[in-house]
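As structure tokens, the structure follows; a few thoughts come after it.
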Amino acid sequence: MSVRVRFAPSPTGYLHVGGLRTALYNYLFAKRHGGVCILRIEDTDRTRLVEGAADALSHTLRWAGIEFDEGPEQGGACGPYVQSERFDLYRKYASDLLERDAAYYAFDTAEELDAMRKRMQDAGIAWRYDRTTMRNQYTLGEAETKRLLAENAPRVIRMKVPLSGEIRFDDLVRGTITVPARDVDDQILLKSDDFPTYHLANIVDDHLMGITHVIRGEEWLPSTPKHALLYDALGWERPKFAHLPLLLNPDKTKLSKRQGDVAVEDYRDKGYFKEALVNFVALLGWNPSATREIFSMQELIESFTLEKVNKAGAVFDTQKLDWMNGEYLKLKSPSALAAELQPLAKQQGIETSDEYLARVIELVRDRINKLHEALPFAEYMFKPLQGYEEEFKAKIWTPELAAPLTTLATKLQDCDFTEATLTALTKDFAKESGLKTGVVMNTLRLMITGRAVGASMVHTMEILGKEESMKRVNAALAAFV
RNA sequence: GGUCCCAUAGACUAACGGUUAGGUCACCACCCUUUCAAGGUGGCUGUACGGGUUCAAAUCCCGUUGGGAUCACCA
């Protein structure tokens, strides 16, 4: 049987990094097995509709390099792929469940439910809908139920969970899981607005879409017994389940907005490469037993297996993400990086050619972790000198340097500004003037960049060019002496 | 609190009964060096605890402790 998996987010307005990992694992699993990966939008909660959220989700997923075979945009044989457009389907299966005595009508109001909750809480009993005392088709009787339905009284459809026994299901990452049926609630399947809850919609769609493997976050583990029961009640084969370990905050709680950025868009906007984010997130909860860390999407596809998914949650530690981003920064071609950075440069009022930008990026890439940092780091390569770092100047400059540096300036004036000649000239000059190479270089650094920190000076001068470099040296000489 | 899940260093992880417990990030030191990085070398820190099973346990079993998830007409 060929593999069919799905990523089924609810459109909340952004893509959570945990969602990115779930989507990624589904995608990797599908590609690894030559299967199909589906995007399905779970928007059955009308109270939480966010305009344009589904499009944003698709856009971000595509940015990350995750492509779906079927979905709202690409269509497919099992559409529509948006749950709110599948409305009638859920009512039909809710009716089936009713006929099979696997579900029932309930008429309780919110107040009545609250009262029951309070009663149970006071009695120290675990919360569970008590179908023997509440207002539903069992306690009300057939005639009253029919009457209420006829007059369109507010009602929901609940699933009928066995009162005793055990429910068990297999999980590909955790093995067999068994829970006492008496601890499973009579979940609402169809809300009073006739929309399904997640539990109903989810299993109906997964079945109808031929989903073979349900790969989702661990937070769904507690409700999986309900899903298993529903598949059984409808006489459907259960898909294989794989519950992924959670992504965690530094304090080990479920990764949340409160403790930092959780949206993929946040990381994208902060300048992380999609390759780095994907690579990083792939290794949180899964590891191919290799002693390497850098994997392309293709390499991830080739090595991904569900068997290697971990059970324990993983802290989302951005320190390693920073390092990984730096690795990709070193891997990419300067010209590609320049093209990527150009828009931001323009936005910051920096007008420069792709070629020059590429050379500057190559100059500083080892010293930064994110591409956009190249701009502030090497600001002096794009704009006139903004001044000199006082502390650095105080440390480097002494009046005794005036004479030799003036000499050096004249020598530089007659020198080709290439790495080789500049290196030879500065080294020779250091020797004959008796100055340490470090002093010569740092003084040039002060005069040309104004900063204490930067790339190799001869490289910097070569790229900046003779004209600009000499302008700065002479200006510094005039200002310092 | 009920139910379920989980447990190798500060973080991510390798190990599928036999290894001096391996790798990566971070951290520290040294080398390189023109500052800062990068790179190289080395180092620090770990099988939560207690019982079993076994010739042999990080690994299997039980318990304890700790952590987490979940318990809506949200997904």
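As a basis for the values below, the full set of heavy atoms in this structure was taken, side chains included, without hydrogen atoms, waters or symmetry mates.
Residues satisfying the salt bridge (Lys or Arg N to Asp or Glu O under 4.0 Å) test with A:Glu468, not counting sequence neighbours, are A:Lys471, A:Arg472.
Applying the Watson-Crick and G-U wobble criteria (two distances, each under 3.5 Å), B:rU53 pairs with nothing in any strand.
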TODO: Summarise protein proximity over nucleotides 34-47 of chain B in one line of letters, 5' to 3': B for base, S for sugar-phosphate only, - for none, counting protein heavy atoms closer than 4.0 Å.
DONE: BBBBSS--------
Open item on the list: Can you build the contact string for nucleotides 8-13 of chain B? Use B for base contact, S for sugar-phosphate-only contact, and - for no protein heavy atom under 4.0 Å.
Closed with: ---SBS
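Going from atom CD1 of A:Ile361 over to atom CD of A:Glu373 covers 12.5 Å, rounded to the nearest 0.5 Å.
Residues of residues 151-175 of chain A that place a heavy atom closer than 4.0 Å to RNA chain B, in numerical order, are A:Val156, A:Arg158, A:Arg174.
When heavy atoms are screened at a 4.0 angstrom cut-off, A:Ser223 is found touching no nucleic acid atom at all.
One finds a salt bridge joining A:Glu327 and A:Lys330 here, because a Lys/Arg side-chain nitrogen approaches an Asp/Glu carboxylate oxygen to under 4.0 Å. A:Asp206 and A:Arg40 are joined by a salt bridge, as a carboxylate oxygen and a charged side-chain nitrogen come within less than 4.0 angstrom of each other.
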Counting only pairs under 3.5 Å, give me each side-chain donor-acceptor contact of residues 159-170 of chain A, with atom names and distances, residues two or more places apart or in other chains.
from, atom 1, to, atom 2, distance (Å)
A:Lys160, NZ, A:Asp101, OD1, 3.4
A:Lys160, NZ, A:Asp101, OD2, 2.9
A:Asp170, OD1, A:Thr176, OG1, 2.6

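Here A:Tyr272 and A:Tyr267 bring their ring centres to under 6.0 angstrom of each other.
For residues 178-193 of chain A, every residue pair satisfying the salt bridge (charged side-chain N to carboxylate O under 4.0 Å, His left out) rule, not counting sequence neighbours, is listed here: A:Arg46-A:Asp193, A:Arg131-A:Asp186.
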